[in-house]
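The block underneath contains the structure these notes are about, expressed in structure tokens.
The analysis underlying the following values was restricted to heavy atoms, covering all of them including side chains, and did not include hydrogens, waters or symmetry mates. For reference, positions follow the sequence shown, starting with 1.
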Amino acid sequence: MFTSVFGSVEAGIIYSLMALGVYLSFRILDFPDLTVDGSFVTGAAVGAILISNGTNPFLASGIALLAGFAAGMLTGLLHTKGRINPLLSGILMMIALYSINLRILGKPNVPLSSEETVFTVFRSWFESLGIDEGLSAFLNMVGLSGFIPSTWSILLPMAIFVLAIKLLLDAFLKTEVGLAIRGTGDNEQMVRSFSVHTDWTKMIGLGLANGLVALSGAFVAQYNGFADVGMGIGMIVIGLASVIIGEAIFGAKSVVRATIAVIGGAIVYRLVVAFALKVEFLEAGDMKLITAIMVIIALLIPKWVDSYKKYRKKRTRLKQMDAISIQARATGKGGEQLAATKPDQ
């Protein structure tokens, strides 16, 4: 069971990069970008082909990020210069990317099991430095021998990398360009009145969002050991689920807190899916259904909580009015008179 949980946390950390990209487009820019399903595979395809042709896996992952950035910029170009509806722009780009990704891969599936990836490099570093042995010895010493994974070479480096990306994103969104992007999502007309070129802010925002998504796709391909042309189907729903679940659990009162929530949401999503698939009547093919149900619950619970708070507030107010009425009858004063002299609650 622990192996399943540990693997879910590893996957959640990797997919959190994709969730950060979805947060940037949907929450910051307020742009319903469906390019994600295509740009995720673009990152995986570019990374896989470059790695299989002998390119350094770190360089290949960086080029995958740039490919995703280009895809996002093209979506922004369709919307801003072509004046195409945001939703339709994303759909058109997603459809176009399917054929482009198939061209990049050359075939539906490219295996990476025998290639050097960022994770095999990390594993060799950890083995040469004795990090796994040291951590295992420490956990044995403190009595946690049952919680020792086979290697920490995926979780620890990816956690550090994702944290660095989160801090860079937080810092960027506080810069002049970042504030312009946030302002474009909040009130485009107002930002334009300050002579900000909102077409460029949208294109840059969408480029960064899809760059993160593509980088996640490249890492997921290396983590799974293959890149597949259909691996991006439903990825936008998974990203939204991570964002919504994270905001519901951890809150999103500020950008710094929201990015933490998105990363946490991606990990929680993977853990919930792992536990759900342990149920006897559920199968791996039901993952999309599980995702949809999780998103529905995450969307409905805050509304139910707000409705309950309003009901409690209304009920408390009615009780106060009943108490005033009873007291008025007992003292002989008018209800309005008594309410006027009663201090505010």
Side-chain angles (χ1 to χ4, degrees), residues 17-47 62-105 165 168-169 171-218 229 232-237 239-240 243 255 258-259 262:
L17 290 170
M18 181 269 296
L20 285 171
V22 172
Y23 166 76
L24 192 57
S25 59
F26 271 80
R27 285 288 190 257
I28 298 296
L29 266 180
D30 194 25
F31 192 102
D33 184 21
L34 298 185
T35 312
V36 170
D37 281 14
S39 59
F40 184 85
V41 184
T42 300
V46 170
I63 295 172
L65 185 150
L66 295 177
F69 183 87
M73 290 285 284
L74 286 173
T75 301
L77 192 65
L78 287 174
H79 169 61
T80 56
K81 304 303 180 184
R83 303 302 174 190
I84 299 175
N85 177 275
L87 191 61
L88 186 57
S89 299
I91 293 173
L92 290 171
M93 198 62 208
M94 176 184 66
I95 294 171
L97 283 174
Y98 182 86
S99 297
I100 293 171
N101 295 334
L102 195 55
R103 284 273 187 168
I104 294 170
L105 288 170
I165 293 292
L168 287 172
L169 184 60
F172 170 74
L173 291 175
K174 292 178 181 178
T175 63
E176 187 175 341
V177 177
L179 290 171
I181 292 173
R182 291 166 65 182
T184 301
D186 287 336
N187 192 328
E188 184 177 348
Q189 296 300 324
M190 183 195 72
V191 172
R192 279 184 178 176
S193 68
F194 290 107
S195 300
V196 173
H197 201 304
T198 56
D199 287 358
W200 275 107
T201 57
K202 286 182 180 180
M203 291 170 66
I204 292 171
L206 290 172
L208 289 173
N210 284 280
L212 289 173
V213 171
L215 181 60
S216 177
V229 73
I233 297 174
M235 204 54 59
I236 185 63
V237 179
L240 282 173
V243 172
V255 170
T259 50
V262 169

What heavy-atom pair brings [X] and [Y] nearest, and what distance separates the two atoms?
X	Y	answer
Gly43	Ala218	O-CB, 3.5 Å
Leu206	Phe31	CD2-CD2, 3.7 Å
Leu24	Ile28	O-CB, 3.2 Å
Ala67	Val46	CB-CG2, 3.9 Å
Gly68	Ala214	CA-CB, 3.5 Å
Ser25	Val22	OG-O, 3.1 Å

Non-neighbouring partners of Arg182 that pass salt bridge (charged side-chain N to carboxylate O under 4.0 Å, His left out), sequence neighbours left out |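 Here no residue qualifies.
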Any side-chain heavy-atom pair from [X] and [Y] closer than 4.5 angstrom?
X	Y	result
Ile204	Ile181	yes
Leu212	Ile165	yes
Val213	Met18	yes
Thr42	Ile100	no
Val243	Phe26	no

Atom [atom1] in [X], atom [atom2] in [Y]: separation rounded to 0.5 Å?
X	Y	atom1	atom2	result
Thr201	Leu179	OG1	CG	12.0 Å
Leu168	Leu20	CG	CG	11.5 Å
Leu240	Tyr23	CG	OH	13.5 Å
Asn101	Phe40	CG	CZ	11.5 Å
Arg192	Thr184	CZ	OG1	9.0 Å
Thr35	Leu74	OG1	CG	9.0 Å

Residue pairs passing the side chain to side chain donor-acceptor pair (under 3.5 Å) test where at least one lies in residues 202-214, sequence neighbours excluded |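 Counting only pairs at least two positions apart or across chains, the side chain to side chain donor-acceptor pair (under 3.5 Å) contacts touching residues 202-214 are Asp33-Asn210, Ser39-Asn210, His79-Lys202, Glu188-Lys202.
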Determine whether more than 12 heavy atoms belonging to other residues, nucleotides or ligands lie under 6.0 Å from atom CD1 of Ile233.
->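 For Ile233, atom CD1 is not crowded (no more than 12 foreign heavy atoms under 6.0 Å).
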Passes side-chain contact (heavy atoms from CB on, under 4.5 Å), Leu97 versus Val41? Steps please.
-> CA-CA 8 Å; Leu97 283 174; Val41 184; over 6 Å; no
Whether Thr75 side chain and Ala71 backbone form a donor-acceptor pair below 3.5 Å =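 It does hold such a pair.
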Under the salt bridge (charged side-chain N to carboxylate O under 4.0 Å, His left out) rule, what pairs show up with a residue in residues 76-98, not counting sequence neighbours?
->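 Of all non-adjacent pairs touching residues 76-98, those that pass salt bridge (charged side-chain N to carboxylate O under 4.0 Å, His left out) are Lys81-Asp199.
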